[in-house]
Amino acid sequence: MAIREDAAFGDLLRRYRSQAGLTQEELAERAGVSARAISDLERGTRSRPRRDTVALLADALGLDAEQRRQLAETVTRTRAVPVATTRRELNTLLALELSPLIGREHEEAAVVHLLRGRDVRIVTLTGTGGVGKTRLALRVASELKSAYHDGSAVVSLAPLRDADQALPAIASALDVAAVPHSDVNGVLREALRDREMLLVLDNCEHLPGAAEGIEQLLLAVPRLTVLATSRAPLRIRGEQEFAVAPLGIPGPDEVKTETDLARFPSCVLFLSRARAIAPALAFSDRDAVAVGEICRRLDGLPLAIELAAARTRVLPPQALAVRLGRRLPLLQGGLRDSPPRQRTLRAAIEWSYDLLPPDARRLFARLAVFPGPFDVPAAEGVCDADLDSLDLLLAQNLLGRTVAGRFFYLETIREFAEEKLEESADSPALRRRHAEYFLALVRSAHLTLEADGPMRHDLVVNEWDNVRAALDWTRAAGELTLGVELALALENFWVTSNPYEGWRRLDEMRRDLDQLPLPLQAHVLRSCGSCRVIVGDHAGGIRFFEESLALYRALGDARGSGIVLQRLGWQEAAQIAHPGRVLAQIEESLALHRSIGFAKGEAISLGALAGLERRAGNLDDALALLERSAVLARDSGNFWWQGKMLIEMAEVQLARGNLAEALDGVYEALPVCRTISDRVHMVRALAILARIAAAAGESSRAGYLWGAIEAEERRSPVGWWSADRQSYAQHVLALGDPQFESSRRRAWQLPFEAVLDDVLETAR
């Protein structure tokens, strides 16, 4: 997320450059950065420069100690750091920040003071659900956005159900990929070791097992600070607990007029929320007394107060107080070991729930089947939602709405709604409908080769919390066939975006293979092979492909046989062991695909033949086959294969010495690969650009691109890329001059997405 900065740094940089008599291009060459970066910094449209970039510029300008100090101070003064979040939490947090935080000035100042002192490495905001821990944490993070060199990040742990998912979630939010079957803590430690940042971990209470990993991360990264929210302390060494109390409430006789309400934050919150609903709402003295009574009975809990204030749409404060007074004695139950305020919050939610008409009440419980944000079609398709009931839940603040128009539950309310769902007879059928709905949605994304239609990876990305929950439910409920069908419908999503999780889930399903129909068995083995190949296990992939092929042949499935023959031939070709058998496999695959008019399959077979021609040194023939394959893949909607073919065409042009054609090919391929998050081929694209830069003697550019590849490799292995890495490295690393090394180190600190942005901007 780019934030426009104050132009102070850019003004000073421009002044020093002019004094040195340098153009932007000359300064860029001296400093080892791009001329566009210099231009953006001087115009103030580029995000704040990193410390190493400032040092490079100062060296290139020949600044003395005082000038260096002045330049560095402008960066400190104008720093504006965005808060990074997970995709789901970004929308939720934006919605929360639309309303003001009331009555937390003292708490905000106290937590900021704790963190500014830097003697404390972890502060945990504790308190009952609904007390406002998340909002306070966000406000503190915003206040401290300029205090940490590498900014702040917010990670919501609320969607997670397993402590082992905590570190991967943190890694994902920080653009550091966690690798299953490896030391995720080690990957994070390596990626963050030089960062100075504030990490906000929201909703930790249900993952006590994650505390150890967080503690190890703090020990390994000395300039990392954590601000956590939890209903209980994490019990980590050095942890500073900060209890977030409810808002101040009036005593029984302390409110007599509306003026008195201003002295109590809970009452101010009630008035603010009530008047947001009805701006012209007038309060008599008797209404003011009722507001004081409501806030007192709700123990000053912000969420409970907001729920009550929402009722002013239909009930005046005096009527609200009466209704609440009758309900509270009956709603003081809950768990016996729960603190009183938690039981009061439960009472407030249940009271609000009981005021709903039956249809809305039923929908409120049913919508808890969605662990992530959802849209109207999903609510209608899974829960038989009607728009009037949805609107009522929104109006009563029982549902939230993201800036993108999707719906969500605050976690405390969702817990209550889920209890109501489990109490109902609807739950098993509803969870099955949820899984079936998202199976249909994933199938509509056309992510298997057999599917007719263009691949739509974005449909899965936007619904990933719900898709993952559906997969988890099928496993827990013993719904093997439904779970397998969903996992197989995700085949190309696993390959391009998440091969390690695909490998794990499919491997679990493979253990019950004999319980599945033969066509599903063949497809599971094929998908297992594809995931194995992508993560670099070529021998394992070939073994699964051979088992899959045997089943497809036994079934007489020409399409399935053709797909696996191509994949098997492609992998065996990489071993260069049996070239005759490989050619026969691929030619048979091509014949099968053509015999049934299967364009997607024909495209991949042509691409495999091109690979054989390329290995034989027949580059003209290879290029012709690749072009035909790319066009067929594009026209049939197989965008993953289209991107792959375009990259291979660029590699052939590079081998022929046609650098301009290779460059054009990469610029055509990269947007296709990026749209579907095809990590392997995005890395290959940067490698081609790095070789082209090296061949042109552009040391700074080559170092920048190669450093970005190395940073991405540190996130997690890049599978197929590893086999060809050395051939690129020997050309690029041969430069090794100071400009190359400087730019290489700079790229190590940049997000991969930022480098891709830069490359595509250059292309434009």
Side-chain angles (χ1 to χ4, degrees), residues 96-112 125-140 143 242-313 315-329 331-332 339-349 351-352 396-397 410 412:
L96 286 176
E97 284 297 274
L98 291 177
S99 56
L101 182 65
I102 293 173
R104 294 300 188 191
E105 295 80 4
H106 173 75
E107 291 90 339
E108 178 186 347
V111 177
V112 167
L125 306 182
T126 60
T128 188
V131 79
K133 302 183 294 293
T134 297
R135 291 192 182 188
L136 178 58
L138 292 176
R139 180 59 58 86
V140 169
E143 176 67 21
F242 187 95
V244 182
L247 296 173
I249 59 175
D253 298 315
E254 289 191 277
V255 174
K256 293 182 173 59
T257 68
E258 183 178 355
T259 304
D260 294 330
L261 295 175
R263 296 190 286 119
F264 305 100
S266 59
C267 298
V268 174
L269 176 62
F270 184 97
L271 293 179
S272 172
R273 298 299 185 258
R275 283 180 169 146
I277 295 170
L281 189 63
F283 284 86
S284 68
D285 288 347
R286 292 180 64 186
D287 287 327
V289 172
V291 170
E293 180 69 14
I294 290 169
C295 294
R296 185 167 59 254
R297 287 180 178 274
L298 296 180
D299 284 347
L301 290 168
L303 178 55
I305 290 168
E306 292 188 6
L307 290 170
R311 296 292 172 245
T312 56
R313 188 188 299 270
L315 292 173
Q318 294 176 64
L320 282 173
V322 172
R323 296 285 292 270
L324 186 59
R326 286 200 299 265
R327 294 297 291 158
L328 276 176
L331 299 174
Q332 290 297 319
R341 292 191 181 98
Q342 186 173 358
R343 296 200 296 269
T344 302
L345 177 60
R346 177 180 295 275
I349 298 173
W351 167 72
S352 188
Q396 301 305 324
N397 285 344
L410 292 175
T412 307

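We number each residue from 1, following the sequence as shown.
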(request) Look up atom CG in Leu301 and atom CG in Leu269, then write down how far apart they are to the nearest 0.5 Å. (result) 11.0 Å
(request) Report the distance from atom CG of Leu320 to atom CZ of Arg297, rounding to the nearest 0.5 Å. (result)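 The CZ atom of Arg297 is 12.5 Å from CG of Leu320, to the nearest 0.5 Å.
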(message) Donor-acceptor check, side chain of Lys133 to backbone of Gly127, threshold 3.5 angstrom: yes or no?
(response)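 Present.
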(message) According to salt bridge (Lys or Arg N to Asp or Glu O under 4.0 Å), does anything in residues 279-288 pair up with another residue at least two apart or in another chain? List the pairs.
(response) none
(message) I'd like to check the side-chain hydrogen bond (donor to acceptor under 3.5 Å, both in side chains) partners of Arg275; sequence neighbours left out, ordered by chain and number.
(response) Glu258
(request) Using the test side-chain hydrogen bond (donor to acceptor under 3.5 Å, both in side chains), find all partners of Thr126 that sit at least two apart in sequence or belong to another chain. (result) Glu241
Which atom names give the shortest non-hydrogen contact between [X] and [Y], and what distance separates them?
{"X": "Gln318", "Y": "Ser284", "answer": "NE2-OG, 4.2 Å"}
{"X": "Ala308", "Y": "Phe270", "answer": "C-CE1, 4.0 Å"}
{"X": "Pro265", "Y": "Gly103", "answer": "CB-CA, 3.8 Å"}

For [X], all residues meeting side-chain contact (heavy atoms from CB on, under 4.5 Å), sequence neighbours excluded:
{"X": "Glu108", "answer": "Val112, Leu136, Arg139, Val140, Glu143"}
{"X": "Ala276", "answer": "none"}
{"X": "Pro250", "answer": "Glu254, Val255, Phe264, Ser266, Cys267, Arg296"}

(message) I'd like to check Leu271 versus Phe283 (side-chain heavy atoms, cut-off strictly below 4.5 Å). Are they in contact?
(response) yes
(request) Identify the residue among Leu307, Ile305, Ile102 that makes a side chain to side chain contact (heavy atoms under 4.5 Å, CB included) with Arg273. (result)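 With Arg273 as partner, Leu307, Ile305, Ile102 yield a single side chain to side chain contact (heavy atoms under 4.5 Å, CB included), made by Ile102.
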